[in-house]
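Down below is the structure, laid out as structure tokens.
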Amino acid sequence: MDDADPLEQALHLARALVLADLAARDVADAAVVSLVEDSVTHRRWWVEQWPQGIEYITGLVAQDVQDALLERHGRWPLCPVCDQGDPHALEVEPELGPDPQWVCHKAGVVVAKVGGLA
């Protein structure tokens, strides 16, 4: 496929941003990278069915990986803001929209853009 293809560009960007967040939190082992690849494959099909959804790819890949990790590893990414009470995961906002961010709903704050976890 052509690197100038907007779908491929969106998928590569989503993959890179989610992998950056996984690496920032030391969770990017081979099995987890496979989860990212599975999501990218699924979302490629999804956008082929609904081309207008291309701007939502990054947030959807982040949510897919987060859901898959919950089943295998537990909550991810853990909130770095709240240091009291039970550990909880950040959530992707908007759930279906452009420019996704990691948000702590408990504290009501944006922690980072997807791809910007430190």
Side-chain angles (χ1 to χ4, degrees):
M1 294 218 167
D2 184 357
D3 283 341
D5 176 10
L7 172 56
E8 289 306 309
Q9 287 178 343
L11 291 167
H12 287 298
L13 177 62
R15 178 188 294 113
L17 293 174
V18 172
L19 286 172
D21 284 344
L22 289 162
R25 296 295 172 95
D26 295 322
V27 208
D29 64 25
V32 173
V33 171
S34 291
L35 297 175
V36 175
E37 294 305 324
D38 291 347
S39 173
V40 167
T41 299
H42 172 71
R43 293 304 172 179
R44 176 180 284 116
W45 174 87
W46 183 82
V47 171
E48 287 169 351
Q49 308 310 304
W50 188 51
Q52 301 88 333
I54 197 167
E55 66 183 327
Y56 309 144
I57 291 292
T58 297
L60 291 169
V61 170
Q63 290 175 53
D64 290 347
V65 171
Q66 186 177 39
D67 291 346
L69 280 172
L70 181 59
E71 294 174 16
R72 296 178 187 205
H73 289 268
R75 293 176 287 232
W76 176 87
L78 291 178
C79 179
V81 176
C82 298
D83 54 4
Q84 303 272 324
D86 291 332
H88 58 278
L90 299 174
E91 296 180 30
V92 176
E93 288 291 328
E95 286 186 29
L96 188 61
D99 303 318
Q101 302 174 323
W102 293 111
V103 175
C104 171
H105 283 280
K106 194 172 184 180
V109 298
V110 173
V111 174
K113 292 179 88 80
V114 170
L117 288 177

Report task. Under the ring pair (Phe, Tyr, Trp, His ring centres under 6.0 Å) rule, collect the residues that match up with W50, sequence neighbours excluded. Result -> W46, Y56
**Report entry** Heavy-atom closest pair, residues P100 and T58
**Finding:** CG-CG2, 3.8 Å
Query raised in the report: Going hydrophobic residue to hydrophobic residue with side-chain gaps under 4.5 angstrom, can you get from L17 over to L19?
Result: yes
Report task. Might you work through the side-chain contact (heavy atoms from CB on, under 4.5 Å) test for L96 and L60, ending with a clear yes or no? Result -> CA-CA 7 Å; L96 188 61; L60 291 169; 4.0 Å; yes
Requested in this report: Flag yes if L13 and V61 sit in one hydrophobic cluster, no otherwise; membership is Ile, Leu, Val, Met, Phe, Trp, Tyr, and two members link when side-chain heavy atoms are under 4.5 Å apart.
Outcome: yes
Report task. Is it possible for you to say whether V110 and V114 belong to one hydrophobic cluster, with membership spreading through side-chain heavy-atom contacts below 4.5 Å? Result -> no
Query raised in the report: Any side chain to side chain donor-acceptor pair (under 3.5 Å) pairs touching residues 14-25, not counting sequence neighbours?
Result: H12-R15, R15-E37, D21-W102
Query raised in the report: Side chain of Q63, backbone of V92: donor and acceptor closer than 3.5 Å?
Result: no
Requested in this report: Drop me the distance from I57's CD1 to L7's CG, to the nearest 0.5 angstrom.
Outcome: 6.5 Å
Query raised in the report: Given L117 and L90, is the side-chain contact (heavy atoms from CB on, under 4.5 Å) satisfied, shown in steps?
Result: CA-CA 11 Å; L117 288 177; L90 299 174; 4.1 Å; yes
Query raised in the report: How long is the gap from NE2 on H73 to CG on L35, to the nearest 0.5 Å?
Result: 7.0 Å
**Report entry** P94 to G97 - nearest heavy-atom pair and separation
**Finding:** CG-CA, 3.6 Å
Query raised in the report: What is the distance from atom CZ of R75 to atom CG of L69, rounded to the nearest 0.5 Å?
Result: 13.0 Å
Query - Least distance between heavy atoms, V33 atom then A28 atom - result: CG2-O, 4.0 Å
Report summary line: CG (D64) and CZ (R43) are apart, to the nearest 0.5 Å, by 4.0 Å
Query - Which atom of C82 lies closest to which atom of A107, heavy atoms considered - result: SG-CB, 4.0 Å
Requested in this report: Only pairs at least two apart or in different chains count here, so list each side chain to side chain donor-acceptor pair (under 3.5 Å) that has a residue in residues 76-94.
Outcome: E91-H105, E93-H105
**Report entry** Distance (rounded to the nearest 0.5 Å) between L78 CG and C104 SG
**Finding:** 11.0 Å
Query raised in the report: So if you build clusters from Ile, Leu, Val, Met, Phe, Trp, Tyr with side-chain heavy-atom gaps below 4.5 Å, do V65 and V47 land together?
Result: yes
